[in-house]
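All chains are named by letter (A, B, ...) in the order of the sequence lines, taking the proteins before the strands, and each is independently numbered beginning at 1. Predicted model, so just to flag it, every value in this text is computed and none were measured.
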Number of protein chains: 2
Amino acid sequence: MPVTRHIPESTIRRISHYLRALEILESQEATTVSSEELAQRGGTTAAQVRKDLSHFGSFGKRGLGYSVAELADRLRDILGLKCRWRVVLVGAGRIGSALFEYPYFVQRGYDCVAVLDSDPEKIGMSWGPVRIRPVEELELVISSLKGDIVILAVPPEAAQDLADRAVEAGVRAILNFAPVQLRVPAEVHVTYVNLVLELEALSFAITQAGSRT
Amino acid sequence: MPVTRHIPESTIRRISHYLRALEILESQEATTVSSEELAQRGGTTAAQVRKDLSHFGSFGKRGLGYSVAELADRLRDILGLKCRWRVVLVGAGRIGSALFEYPYFVQRGYDCVAVLDSDPEKIGMSWGPVRIRPVEELELVISSLKGDIVILAVPPEAAQDLADRAVEAGVRAILNFAPVQLRVPAEVHVTYVNLVLELEALSFAITQAGSRT
DNA sequence: CCTAGATTGTGACTAATTTCACAAGCGACT
DNA sequence: AGTCGCTTGTGAAATTAGTCACAATCTAGG
């Protein structure tokens, strides 16, 4: 089991897709699946599926394919979905609110244990069982509630400072919606969701396609 | 000017970052910038900056660097930001609402010209100057308002059908927030924003980091 | 006009990722 | 038990992306 090897980011993303496909198959009571089928549902090729999985071991049976339930279980393990994660949401604006209500987070084991904001109007409001707290309590919240992941849904000018404080308080993972590059120590993992960037990729693609002769 | 060559997706994403950095520099009245400085602000290396730009031509002056205004202008051109884009938003739920209000879209030239939803309770409501329309009018809206880009912020089970209809109506770009892989013709561009996937990448990273000996 | 210092643009190299191709292994059927 | 059809797992090849190093060339200053 080569667990220590470096795994490409893209492999991880595909693994997530495979898991989603497997869950659909589970709900359809399928018992086995081939790399070919998994590839189609995940939008890639059979060879890629097998290569991706081979990074983590060998889970299939030659001539037969993969056991849906077993592979799904293994992938959940790989992605760290065997436990629940405590998420601290910073920013109770539009985006924060949408994320808080996003049903697939809870479904996948991500529990929003706290919401913070800097706006005095919002502080004290209750979102379901969670009361919005002042952003000053970030360190307190992270340590007392043992937050694993911080989601930053704040204006760009506030993001770096909050990231610094979260890291200082011991968080090892940040999901950043603010359109700025964060500077964090190497052991802290950051993923970016940059909505404008996604649209720009599209307008580039459309423009290019048109100008190609 | 090698415009026809295939450009890596990752280059485009970095170009977006460079443009953001340049706009900050513009607001600080800087007139020139070196690849080194651009690299630091964009989170990459000087060589990478130059290689990325070289895909599109040569915009700098040796010994001096790049003119901030000129390069920003050129990058806007490359990314297709010289015109305004008409975006049709499908789904007026939490995510849709957050996107509709997202200030950076308008700032960058993406105008939400219509909002559609399937919920009778929502249809007819006014979001600022835009009235929410029934999702049945998708084709009509795309053709009458000349929609360029469709944003899908709908439940996964509805996404494929809506994508098919949007493509049929002539849309060439889709930004998909539903956690499903869309099947579209090759000439249609799709980018995915999959929030769960981003969190999974983080929980994987944390888990791995811990288990590495 | 010539030199010094700086910085680009790019071709050669290196690293990473994906694709290919096929031996190995499994189950079903005879 | 032996054969057949199918599907995995994986090294090797091909492709793609990123880094390096340096010639080319610009400005400034004497």
Partners meeting salt bridge (charged side-chain N to carboxylate O under 4.0 Å, His left out) with Glu9(B) (sequence neighbours left out): Arg13(B)
Contact pattern, 5' to 3', of nucleotides 17-22 of chain C - B, S or - by protein heavy atom under 4.0 Å: SSBBB-
By side chain to side chain contact (heavy atoms under 4.5 Å, CB included) - contacts of Ala21(A) (at least two apart): Leu38(A), Arg41(A)
Contact letters for nucleotides 25-30 of chain D, in which S counts primed atoms plus P, OP1 and OP2 and B counts the base, heavy atoms under 4.0 Å: BB----
Only distances under 3.5 Å count here; give the side-chain donor-acceptor pairs of residues 149-163 of chain B to other protein atoms, sequence neighbours excluded, each with its distance to 0.1 Å.
| from | atom 1 | to | atom 2 | distance (Å) |
| --- | --- | --- | --- | --- |
| Gln160(B) | OE1 | Arg183(B) | N | 2.9 |
| Gln160(B) | NE2 | Asp164(B) | OD1 | 2.8 |
| Gln160(B) | NE2 | Arg183(B) | O | 3.0 |

Any residue meeting salt bridge (charged side-chain N to carboxylate O under 4.0 Å, His left out) with Glu137(B), in chain and number order, not counting sequence neighbours: Arg133(B)
Length of the line joining Leu71(B):CG and dT7(C):P, which is rounded to integer Å: 16 Å
N/O (side chain, Tyr66(B)) to phosphate O (OP1/OP2, dG9(C)) under 4.0 Å: yes
Separation of atom CZ in Phe59(A) from atom C1' in dT7(D), rounded to whole Å: 16 Å
Atom pair distance, as rounded to whole Å: CD in Glu36(B) and P in dA21(D): 15 Å
Residues in side chain to side chain contact (heavy atoms under 4.5 Å, CB included) contact with Asp73(A), at least two apart in sequence or another chain: Lys82(A)
Those residues that, when tested against Glu36(A), pass side chain to side chain contact (heavy atoms under 4.5 Å, CB included) (two or more places apart): Ser34(A), Gln40(A), Ala46(A)
For Tyr104(B), all residues meeting ring pair (Phe, Tyr, Trp, His ring centres under 6.0 Å), sequence neighbours excluded: Tyr102(B)
Aromatic plane relationship, Phe100(A) with Trp127(A) - under 30° parallel, 30 to 60° tilted, over 60° perpendicular: tilted
Partner residues of Tyr192(B) under the ring pair (Phe, Tyr, Trp, His ring centres under 6.0 Å) criterion, sequence neighbours left out: none
DNA chain D contacts made by residues 20-35 of chain B, counting heavy atoms under 4.0 Å: none
By side chain to side chain contact (heavy atoms under 4.5 Å, CB included) - contacts of Ser10(A) (at least two apart): Pro8(A), Arg14(A)
